[in-house]
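Just so you know, these numbers come straight off a predicted model, no measurement behind them.
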Amino acid sequence: MSPPPASGVRRLGTLLALLLTLLLALSLTAVPIASAAADPLLSQGRPVTASSTENAAFPATAAVDGNPGTRWSSAFADPQWIQVDLGATATISQVQLTWEAAYATAFQVQASADGTSWTNLHTTTSGAGGDQTLTVSGSGRYVRVYGTQRATPYDYSLWEFKVYGTTGGGSGGERLLSYNRPGVASTSQHDGACWECTPARAFDLDPASRWATSGTTGWVDPGWIYVDLGATAQISRVVLQWDPAYARSFQIQVSPDAATWTTVYSTTTGTGFKQTLNVSGSGRYVRMYGTQRATPYGYSLWEFQVYGTGGNPTAPPAPPRDPANPPVLVWSDEFNGPAGSRPDAAKWRADPGTGPNNELEYYTNHDNAAMNGQGQLVMEARKQATPGSACPRDPLTGSTTCQYTSARMNTGTKFHFTYGRVEARIRVPKGNGLWPAFWMMGADFLTGRPWPYNGEIDIMEVLGKDVKTSYSTVHAPAYNGGGGIGAPYTLPNGADFSDDFHVWAANWDSRGIVYTLDGRTVLTLSKDQVEQTRGPWIFDHPFYIILNLAVGGDWPGPPDAATPFPARMLVDYVRVYQ
């Protein structure tokens, strides 16, 4: 704490000056800076844009996600900016900035009604970085940090950008108004292609369920769906997550009585996927009114979210918490049991039976999984027939009795989790037809939700016929099977995955998944980008872990006479950090 200015203690005795210094220090430290903001936080989770990003690992959204371990970073140039859309005009009282080492020496905090004309709320040419709490006075819908001089040769980088204030007469800002509110539509689908695709599915905050117009009467124009907010509301934002059956032309409309409608947004160039629409209007009912389909099919929405103030909203469930920074170990299996011992029954359950994807093995009840006494789990595929079983025809024997046995096990009912770093150190086998995997399934699969609506996160898949390549992929209703989102990657210098152990990991949080191999990032999946380009992100709920060694199947093809049996997948450990 700095002492008082010399002018403040002019001509006072030394003792009195020291006393005043002590009293001032005590008074200043009695109330932490962070508690100074009495007004609500308006910026967290709001739409945000920036002049640039250093790379995909440091998006603008990371500065307003409430996670102090993630950050936005810009390009290495002046000027640069980041701005947040509060959704409605707000009275701004405080801005908190948490800078990374790459901070701004000179910058302004600015507000705007339209995102075009800006008014300075704070200006400095001597920024010191670190944590800055700025008391400001002004109003606007948009708030921007505009950097004009960097303190280092690098970028501008913010761990957190928080805006406090009030909107709507001190209501604390917009909120989700449409969750679990009643919905009505022109038609809805209910058949094998879209089971119970009723209007309610668009308002349930479940990105894996959807509303669709009827497959027999609803593939016509116009088509519509509306929500009853329960009372008059001031609408500031509408979020639509479209199925491929989207609207090319549509309006967002509001009404006091569901009879007389006022258009607050209109387009003839709808893009589908996720659309965030900033609107301004008042009404109890909000409607998407489609007038031109983009496909020969109907209209279909995974999500229809309405934000604003007023209404009679039902509070949505709290979102899952992101991992701590740094994360801590919450679950693991080091496989340190004695040679021949089975997997720990408190952590794993066997998953016996035949495999999907036209596989040729029969998974046993842990008969093919045991510790080797050297700190590793051995999952063994054997050339061993299982009487009474049924598999696709084996090309080598011509038999439809399963000719191979192997191991598959999971943590279902034992350990489920949402978000974290999950990793395993594995050595894979080599040979045509072998298919080792380390992956996760949405836990709602265990209670009856079918694949791919539960979600699948593949952390490692290697084909025994090409052990120089590994794959990481996610599967969801809008992208699955061969259309899953992922990528292949290889080891440096053309090395072989079967030659040694390697660590595969997925770093999973509310922003997406970052896959690593031996600590090297090999694939980054951004939730925002997937929603904007492929479809809904359905991975924000509990999952469980699976290990298996498949034999045959559509992707790897069958084993041949040269495939070595028994074939062994060795697992050194599996660990989860949160």
Side-chain angles (χ1 to χ4, degrees), residues 39-48 64 66 84-91 141-142 163 165-186 188 198-207 209-211 224-242 247 250-267 274-290 299-319 510 531 536-537 540:
D39 288 330
L41 175 62
L42 305 180
S43 53
Q44 188 161 312
R46 295 295 307 154
V48 62
V64 296
V84 61
D85 175 4
L86 304 179
T89 299
T91 300
R141 174 172 175 161
Y142 304 87
V163 179
T166 58
T167 64
S171 66
E174 69 170 24
R175 61 185 295 189
L176 178 63
L177 304 179
S178 54
Y179 172 64
N180 271 1
R181 296 298 310 169
V184 178
S186 53
S188 61
T198 60
R201 303 301 187 193
F203 307 111
D204 61 4
L205 275 185
D206 181 350
S209 69
R210 62 185 173 100
W211 159 74
W224 49 264
I225 179 173
Y226 71 73
V227 60
D228 176 4
L229 302 180
T232 300
Q234 183 65 37
I235 313 305
S236 57
R237 183 165 54 112
V238 171
V239 178
L240 304 174
Q241 181 76 62
W242 292 98
F250 68 94
Q251 294 89 51
I252 299 299
Q253 302 172 326
V254 295
S255 173
D257 55 9
T260 303
W261 296 91
T262 300
T263 298
V264 295
Y265 174 87
S266 181
T267 184
K274 185 175 184 179
Q275 294 184 271
T276 299
L277 311 174
N278 296 316
V279 302
S280 179
S282 178
R284 172 171 173 164
Y285 303 89
V286 181
R287 178 167 77 166
M288 186 291 298
Y289 189 79
Y299 294 96
S300 183
L301 285 164
W302 297 100
E303 283 290 306
F304 179 4
Q305 299 171 4
V306 179
Y307 293 82
T309 57
N312 183 25
T314 299
S510 61
E531 290 176 333
W537 180 266
D540 297 322

May I ask you to test the [X]-[Y] pair for a side-chain heavy-atom distance under 4.5 Å?
X	Y	answer
L205	Q305	yes
I252	M288	yes
F304	V306	yes
N180	D204	yes
L229	S178	yes
V264	I235	no

Could you tell me whether R237 sits above the aromatic face of Y307, with NZ or CZ closer than 6.0 angstrom to the six-membered ring centre and within 45 degrees of the axis?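 Yes, R237 lies over the aromatic ring of Y307.
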Please check: side-chain N/O of [X] versus main-chain N/O of [Y], any donor-acceptor pairing under 3.5 Å?
X	Y	value
E531	Q241	no
S186	W224	yes
R201	W211	no
S282	Q234	no
R46	D85	yes
E303	F203	no

On a heavy-atom basis, which atom in [X] and which in [Y] lie closest, and how many Å separate them?
X	Y	answer
G66	Q44	CA-OE1, 3.5 Å
V286	V254	CG2-CG1, 4.2 Å
A90	L86	CB-CD1, 3.9 Å
G310	A233	C-CB, 4.0 Å

Could you tell me how the ring of F250 sits relative to the ring of Y265: parallel (under 30°), tilted (30 to 60°) or perpendicular (over 60°)?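 Tilted, since the angle between the ring planes falls between 30° and 60°.
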Is the ring pair Y226/Y285 parallel, tilted or perpendicular, if the boundaries are 30 and 60 degrees?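 Taking Y285 first and then Y226, their aromatic rings stand perpendicular (interplane angle over 60°).
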Any chance you could measure [X], atom [atom1], to [Y], atom [atom2], to the nearest 0.5 Å?
X	Y	atom1	atom2	result
L240	T276	CG	OG1	8.5 Å
Y289	Y299	OH	OH	9.0 Å
D206	D540	CG	CG	11.0 Å

Go through the steps to decide whether S236 and E174 satisfy the test side-chain hydrogen bond (donor to acceptor under 3.5 Å, both in side chains), and finish with yes or no. CA-CA 7 Å; S236 57; E174 69 170 24; 2.4 Å; yes
Partner of R284 under side-chain hydrogen bond (donor to acceptor under 3.5 Å, both in side chains), chosen from D228, N312, T232: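 Of all the options given, the one that passes is D228.
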